[in-house]
Amino acid sequence: MKALVTGGGGFLGRYIVEQLIARGDQVRALQRGDYPELAQLGVEVFKGDIRDETQVVEACRGVDTVFHVAAVAGIWGPWKRYYEINTLGTRHVLTGCRTHGVSRVVFCSSPSVTFNGVDQCGVNESVPYATRWLCHYPHTKALAEQMVLRANGENGLLTCALRPHLIWGPRDQHLIPRLIDRARRGQLRRVGDGTNLIDMVYVENAAHAHLLAADALRQGSPACGQAYFISQGEPVNCWTWHNEVLALADLPPVARSLSAKAAWRIGAAMEAVYSLLRLQSEPLMTRFLAAQLSTSHYFDISAARRDLRYAPIVSTATGMARLRDELRRSRANH
């Protein structure tokens with residue numbers, strides 16, 4: 001395989017790059033920053049911005065498979081930024097694929113493209129896209145996912161989308177560090193009654209699913225033009241897992257709580273104030289965050305098991321042990 005990984009220097013992207021290199025594939029990585037560690041792996045490093053169509057099209061030259069992972073995540077910020085990176089950036093990738101005859105695209109999407117703010121208990125891929133958007137990230141990812149799936153079959157291009165939920169593990173710069181930072185600042189509150197179940201996925205399993213998806217994309221495969229939920233395959237209690245992560249960092253469990261309704265009202269009020277004052281920093285609470293923290297959202301991954309032959313290669317217990325070791329190293333270095 002001659003593969004392009006957009007966002008190859010990012011959290012998930014780098015694991016995809018490493019797994020491709022490990023099995024002998026040729027890899028080019030597109031990202032804005034400098035990542036000397038990628039060059040040391042033998043990766044062709046292509047510096048560029050996903051918002052620049054010319055750069056993206058050129059990055060697609062000479063490859064047969066694109067893993068489109070580059071995105072801006074988060075729960076706050078201007079529509080323009082999310083739309084240009086997540087939606088228009090995906091359009092640029094598809095233009096590059098059409099221009100250079102790329103045969104396969106695996107798009108990293110999100111389960112939040114189906115999230116309406118209410119419980120999702122064991123739903124599968126038949127669940128429709130959301131009809132109300134609580135923040136720009138899932139909206140722009142849904143537009144991008146639909147674009148990718150519609151492109152399946154055009155000029156021999158085969159596409160699919162993966163929806164990994166709550167990716168975590170060593171080298172994470174977002175989910176785990178933010179959780180730990182808020183705990184240290186005394187800003188964490190349990191939202192809701194504490195019984196909600198969630199899915200999550202260890203980063204190496206998410207990367208593995210992307211490679212399996214690319215290998216599955218061939219004429220006549222049921223994977224073509226389809227989206228798949230990806231997780232550990234075993235829901236966990238949201239707050240028990242939060243507390244387990246905090247324990248790895250030698251922090252006490254979450255002690256204070258808010259009702260779901262109170263969190264929603266606070267989130268709505270903070271969004272209004274931040275919008276009025278045009279504040280760029282992220283509010284401590286938003287409606288999307290209140291809904292995510294108080295509802296159950298876990299998914300039936302039997303389609304990924306069947307069509308992609310996906311199964312987690314790293315157990316949750318092993319992943320937590322690896323995360324613990326990284327957190328201990330980090331504390332020792334500081």
Could you tell me whether Arg331 and Asp250 make a salt bridge, using a distance below 4.0 angstrom between a side-chain N and a carboxylate O?
yes

Tell me whether Thr140 contacts the main-chain N or O of His136 through its side chain, where contact means a donor paired with an acceptor under 3.5 Å.
yes

Rounding to 0.5 Å, atoms OG (Ser281) and CH2 (Trp76) come to a distance of 9.5 Å

Using modelled atom types only, decide if a donor and an acceptor are shared between the side chain of Arg28 and the backbone of Arg61 within a distance under 3.5 Å.
yes

Are side-chain heavy atoms of Glu125 and Tyr228 found at a separation under 4.5 Å?
yes

Contact summary for Asp199 and Glu234, nearest pair of heavy atoms
OD1-C, 4.0 Å

Note, Ile50 side chain near Leu30 side chain (heavy atom, < 4.5 Å)
yes

Under the salt bridge (charged side-chain N to carboxylate O under 4.0 Å, His left out) rule, what do Glu282 and Arg182 come out as? Steps first, then yes or no, please.
CA-CA 13 Å; Glu282 185 180 294; Arg182 288 199 174 185; 3.7 Å; yes

Single-linkage hydrophobic cluster, 4.5 Å side-chain cutoff, Val17 and Val56 together:
no

Heavy-atom distance under 4.5 Å between the side chains of Leu88 and Arg91, does that happen here?
yes

side-chain contact (heavy atoms from CB on, under 4.5 Å) partner of Cys60, chosen from Val105, Leu4, Leu94, Thr99:
Leu4

Checking Asn152 side chain against Cys160 main chain: does a donor-acceptor pair fall under 3.5 Å?
no

Could you point out which residue of Asn243, Asp181, Ile180, Val254 forms a side-chain contact (heavy atoms from CB on, under 4.5 Å) with Leu188?
Val254

Closest contact, heavy atoms only, Ser110 versus Tyr137
CB-OH, 3.7 Å

Is the closest side-chain heavy-atom distance between Glu44 and Gln26 below 4.5 Å?
no

When you compare the side chain of Phe288 with that of Glu271, does any pair of heavy atoms fall below 4.5 Å?
no

Short question: side chain of Asp119, backbone of Cys121 - any donor-acceptor pair under 3.5 Å?
no

Closest heavy-atom pair, Val201 versus Ala206, reported as atoms and distance to 0.1 Å, is CG2-N, 3.9 Å

Quick check: closest heavy atoms across Thr159 and Val148, and the distance to 0.1 Å?
OG1-O, 2.8 Å

Tell me, do Pro252 and Leu246 make a side-chain contact under 4.5 Å, heavy atoms counted?
no

Backbone N/O of Ala71 and side chain of Asn86: donor-acceptor pair under 3.5 Å:
no

Side chains of Arg32 and Arg51: does their closest heavy-atom pair fall under 4.5 Å?
yes

Ring-plane angle category for His68 and Phe107, please: parallel below 30°, perpendicular beyond 60°, tilted otherwise.
tilted

Side chains of Lys47 and Asp34: does their closest heavy-atom pair fall under 4.5 Å?
yes

May I ask you to check whether Trp79 and Trp133 place their ring centers less than 6.0 Å from one another?
no

Which heavy-atom pair separates Glu326 from Pro170 by the least distance, and what is that distance?
OE1-CA, 3.3 Å

Residue of the set Tyr202, Phe11, Tyr15 for which ring-ring contact (aromatic ring centres under 6.0 Å, His included) holds with Trp168:
Tyr202

Out of curiosity, does Tyr298 fall in the hydrophobic cluster containing Ile198 (side-chain heavy atoms, cut-off under 4.5 Å, transitive links)?
no

For Ala290 and Trp264, the nearest pair of non-hydrogen atoms, with its separation, is CB-N, 3.7 Å

Would you confirm whether the ring centroid of Phe115 sits within less than 6.0 angstrom of the ring centroid of His297?
yes

Taking atom CZ of Arg305 as the centre, does the number of heavy atoms from other residues, nucleotides or ligands within less than 6.0 Å exceed 12?
yes

Ion pair Arg14/Glu18, N-O distance below 4.0 Å
yes

